[in-house]
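A short write-up of the structure that comes next.
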Amino acid sequence: MAEFDITSKTRDGMGPHGTQVGLLRVLGPAHVWALGVGIVLVGEYMGWNFAVGKGGAYAALIACWLAGILYTCVAMIDSEVTSTVAAAGGQYTQAKHIVGPLMAFNVGLYLVFAYTMLEAANAITAGYLISQVAALTGYEGELNQKPFIVLSILFLAWLNYRGVLATLTFNLVITAIAFTAIIILFLSTSGVLGGSMMQHKALFEGAAALPYGWIGVLAAMHFGLWYYLGIEGTTQAAEEVRSPARALPFGTLAGIMTLLIAATLTWYICTGLIPWEFLGDGTNGSVAPLFDAARLTGSQPLVVLLGVGTLFATLASANGCINDASRAWFSLGRDKYLPGWFGAVHPKYRTPYRSIVFLVPIALAFALGAPLDQVITFSILSGLLGYTFMPINMILFRRKWPMDSIKRGYEHPFHPLPSIVLLTLCAVTFFAVFLGYGTQLVAMIVFYIVASLWFHFWRYRFVARAAQFTMPWPRPKGY
Amino acid sequence: MKYAPPKQSKLSQLFDVVILMTMTFGALYVPLYMGLAGGAKVEADPAKLVSFEAMGLNATQTAQYQALGFTAPSDIPAVFARFDYAINWGALAVMIVVIIAYYALVLRFSEKEYRDVISEKFGD
């Protein structure tokens with residue numbers, strides 16, 4: 001039983017974990033913002049435009065806002081649960097305390113694969129961008145992108161290995177530059193500064209706006225998630241922030257607001273300059289749409305700025321992904337859900353160094369061997385499975401520990417409305433993925449079913465039972 | 001009574017990681033190598049790929065393609081392919097069943113494991 005009053009207003013939700021060396025508590029709300037926005041902002045620089053391909057320009061905008069509602073629900077739910085279950089592993093640790101071990105194992109895998117695939121997608125884009133810069137600066141021939149992909153991942157893994165403060169301070173700076181680049185491009189092209197270059201009316205003529213009709217709007221939700229995917233990763237910093245109850249809700253909710261603005265501006269700029277067919281194909285057409293939009297302005301400074309912005313966004317995202325995937329893997333190892341060897345903290349740098357190193361070749365294997373849309377879909381599907389878990393988690397959390405039975409750092413309003421909206425939008429998105437990528441969806445879920453059976457019937461025997469429950473909470477209601 | 005997990009050998013730990021990684025790579029690469037991954041698309045009519053006008057694009061759209069460095073749709077035929085959204089109801093039913101079965105399985109086994117955890121943590 002808890003040895004103190006958990007309803008106390010002076011103590012946050014941290015519990016003991018039995019490790020000899022803990023992660024270092026050095027981060028503030030700005031770092032949480034940088035982690036969340038840093039991971040996601042690359043979604044405006046690449047990937048979101050597949051939504052245009054699946055449904056057309058208006059479909060991508062509707063998807064942008066519907067996905068915005070979905071992620072606002074995610075942020076609200078996450079802020080309440082995480083400010084109470086403040087531990088590395090984020091949603092994994094939440095699931096372990098609220099739903100049960102097998103759900104937690106699955107959520108841990110969702111997190112690791114969503115972030116590792118996103119990291120791979122970032123590295124692919126960084127390699128592509130460098131090859132484009134080489135071509136624009138006069139290099140003749142086909143530049144080999146692979147060394148740049150490998151170098152990007154290795155450099156960022158090294159940075160993560162050396163310490164979280166430097167890692168996320170680096171993210172704060174490059175994320176701020178990448179966000180500013182979008183604002184400057186908007187101001188320069190929309191008519192706010194100088195003449196407008198926007199050609200929405202002419203570019204939306206004919207079938208361009210809604211080429212597939214309303215089913216295209218549904219289909220676009222698949223990649224609509226990419227505008228924001230990863231914002232929930234702020235929870236991974238829970239054990240490294242100085243004040244989880246304050247920093248996590250503040251950083252997460254400020255992050256989702258930043259992304260809603262960035263996503264809408266990005267849609268407005270790109271659809272006003274780039275024909276939808278080219279914009280909508282992120283593999284053979286516009287791999288880096290904001291960079292392509294800058295090219296179409298004919299302004300060299302904007303091309304350089306958005307080139308730098310794209311590169312920084314991919315690096316910030318990959319950096320945050322390494323941070324988050326390794327924390328999730330580390331947490332699985334610490335609880336023996338995976339071999340305990342991964343649960344080690346570096347004695348000097350206080351980072352989950354074995355998990356960081358282990359995930360490097362996996363990210364490389366996907367970055368070097370799979371097409372961008374497949375990698376993105378793999379990441380989105382893992383994220384989507386995680387978002388479907390969240391409303392279940394939230395409803396059970398309120399049921400097992402009603403209000404005032406434990407201290408919550410943040411209490412989200414209108415419960416259970418955000419959970420219901422989130423579950424509904426997740427169902428819509430599953431259907432959206434089915435439209436065009438159904439085989440991958442089924443393959444992915446079959447993977448999670450097999451992994452679940454493996455965990456339940458084999459792996460779970462190595463897990464101590466009561467030791468998993470590390471929060472100083474009272475017994476859940478109904479158990 | 002408190003559950004005492006068995007000690008796992010290093011070789012067994014390594015084997016567990018290999019199993020998990022094999023499943024992961026299989027989930028992505030098996031559909032990829034079997035040609036089942038990716039968007040279900042219909043190629044554009046080759047006869048229309050000769051010019052932007054033939055594809056039905058207006059002057060502004062054509063000008064933007066030219067500004068991007070393309071002289072004809074045949075330079076980038078893949079971007080003019082279209083998704084096929086004809087719904088296969090059987091496949092949709094399979095997907096729904098698989099998703100529901102997955103969450104039902106996970107929640108059911110989780111509940112059983114969770115009761116053991118709570119029972120050991122707080123006593124019966």
Side-chain angles (χ1 to χ4, degrees), chain A residues 1 54 99-103 106 113 199 202-203 205-206 212 215 219 273-275 277-278 281 284-285 292 296 336 339 341 366 370 373-374 378 430 434-452 454 456 459-466 468-469 475-476 479, chain B residues 2-3 5-6 8 13-14 16-17 19-21 23-32 36-40 56-61 64-65 67-68 76 78-80 82-83 85 87 91-92 94-95 98-99 101-103 105-107 109-118 120-122:
Chain A
M1 288 289 285
K54 282 197 86 176
V99 184
L102 180 60
M103 187 79 248
N106 277 267
F113 294 129
Q199 308 197 62
L203 289 177
E205 258 182 28
Y212 300 102
I215 197 161
L273 288 168
I274 307 172
E277 306 94 334
F278 187 78
D281 191 334
N284 307 293
D292 287 335
L296 284 168
K336 305 284 195 306
W341 187 79
F366 284 96
D373 64 332
Q374 308 297 312
F378 207 97
F430 275 119
F434 169 77
L435 293 172
Y437 292 80
T439 310
Q440 261 186 298
L441 174 59
V442 172
M444 186 86 187
I445 294 180
V446 167
F447 157 74
Y448 279 111
I449 289 174
V450 174
S452 295
W454 172 79
H456 183 76
R459 181 70 221 171
Y460 190 57
R461 74 189 60 192
F462 300 109
V463 180
R465 302 306 195 241
Q468 299 170 70
F469 198 100
R475 189 181 196 114
Y479 285 81
Chain B
K2 192 176 175 186
Y3 174 75
Q8 192 180 21
Q13 290 189 38
L14 182 67
D16 275 2
V17 174
I19 292 278
L20 197 56
M21 286 303 104
M23 287 192 283
T24 308
F25 281 95
L28 182 70
Y29 282 107
V30 168
L32 211 59
L36 298 171
L57 272 61
N58 63 27
T60 305
Q61 293 161 346
Q64 294 303 84
Y65 272 109
L68 285 164
I76 37 169
V79 308
F80 291 98
R82 292 285 170 271
F83 280 100
Y85 288 149
I87 296 176
L92 181 62
V94 168
M95 185 198 77
V98 167
I99 292 172
Y102 165 66
Y103 278 107
L105 174 99
V106 170
L107 290 173
F109 284 172
S110 287
E111 176 68 13
K112 187 172 175 294
E113 293 165 350
Y114 189 71
R115 286 194 176 275
D116 287 345
V117 171
I118 298 303
E120 189 177 305
K121 173 81 182 176
F122 297 95

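Any value given below was found using the heavy atoms of this structure, including those in side chains, with hydrogens, waters and symmetry copies removed. Residue numbers begin at 1 in each chain, while the letters A, B, ... track the order of the sequences.
- Of the listed residues Lys112(B), Met21(B), Met95(B), the one with more heavy-atom pairs under 4.5 angstrom with chain A than any other is Met95(B).
- For Glu113(B), the side chain to side chain donor-acceptor pair (under 3.5 Å) criterion is met by His456(A), not counting sequence neighbours.
- Every residue meeting the side chain to side chain donor-acceptor pair (under 3.5 Å) condition with Tyr65(B), not counting sequence neighbours, appears here in chain and number order: Glu277(A).
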Q.
Before you tell me yes or no, could you show the steps for Tyr437(A) and Phe378(A) under side chain to side chain contact (heavy atoms under 4.5 Å, CB included), namely the whole-Å CA-CA distance, both residues' side-chain angles and the distance that decides it to 0.1 Å?
A. CA-CA 10 Å; Tyr437(A) 292 80; Phe378(A) 207 97; over 6 Å; no

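- The parts of Val450(A) that come within reach of chain B are both its backbone and its side chain, each placing non-hydrogen atoms under 4.5 angstrom from that chain.
- Leu68(B) touches chain A through backbone and side chain together, each having a heavy atom under 4.5 Å away.
- In this structure, the side chain of Arg475(A) engages the main chain of Phe122(B) through a donor-acceptor pair within 3.5 Å.
- Contacts with chain B were tallied for Phe278(A), Phe447(A), Tyr212(A); Tyr212(A) has the most, counting heavy-atom pairs under 4.5 Å.
- A donor-acceptor contact shorter than 3.5 Å is absent between the side chain of Thr60(B) and the backbone of Ala202(A).
- Ranked by non-hydrogen atom pairs under 4.5 Å with chain A, the options Val98(B), Ile118(B), Leu14(B) are led by Ile118(B).
- Counting heavy-atom pairs closer than 4.5 Å to chain A, the top-ranked of the candidates Val117(B), Val79(B), Ile19(B), Ile99(B) is Val79(B).
- Annotation: maximal heavy-atom pairing with chain B below 4.5 Å, among Val442(A), Ile215(A), Leu296(A), occurs at Leu296(A).
- Between the side chain of Tyr3(B) and the main chain of Ala466(A), no donor-acceptor pair closer than 3.5 Å is present.
- Contacts of Leu92(B) with chain A are made by both backbone and side-chain atoms, with heavy-atom separations under 4.5 Å.
- Highest contact tally toward chain B, considering only Phe113(A), Phe366(A), Trp341(A), is held by Phe366(A) [criterion: heavy-atom pairs under 4.5 Å].
- Contact of Lys54(A) with chain B is made through backbone and side chain together, with heavy-atom distances under 4.5 Å.
- With a 4.5 Å cut-off on non-hydrogen atoms, Ile449(A) touches chain B through its backbone and its side chain both.
- Put simply, the side chain of Glu111(B) never gets that close to the backbone of Gly100(A): no donor and acceptor are under 3.5 Å apart.
- Of the two parts of Tyr448(A), the backbone and the side chain both hold a non-hydrogen atom closer than 4.5 Å to a non-hydrogen atom of chain B.
- Checked against the 6.0 Å centroid threshold, Tyr114(B) and Tyr479(A) count as a close aromatic pair.
- When heavy atoms are compared at a cutoff of 4.5 Å, Asn58(B) approaches chain A solely by way of its side chain, counted from C-beta outward.
- Side-chain N or O atoms of Gln61(B) include one that pairs as donor or acceptor with a backbone N or O of Leu203(A) at under 3.5 Å.
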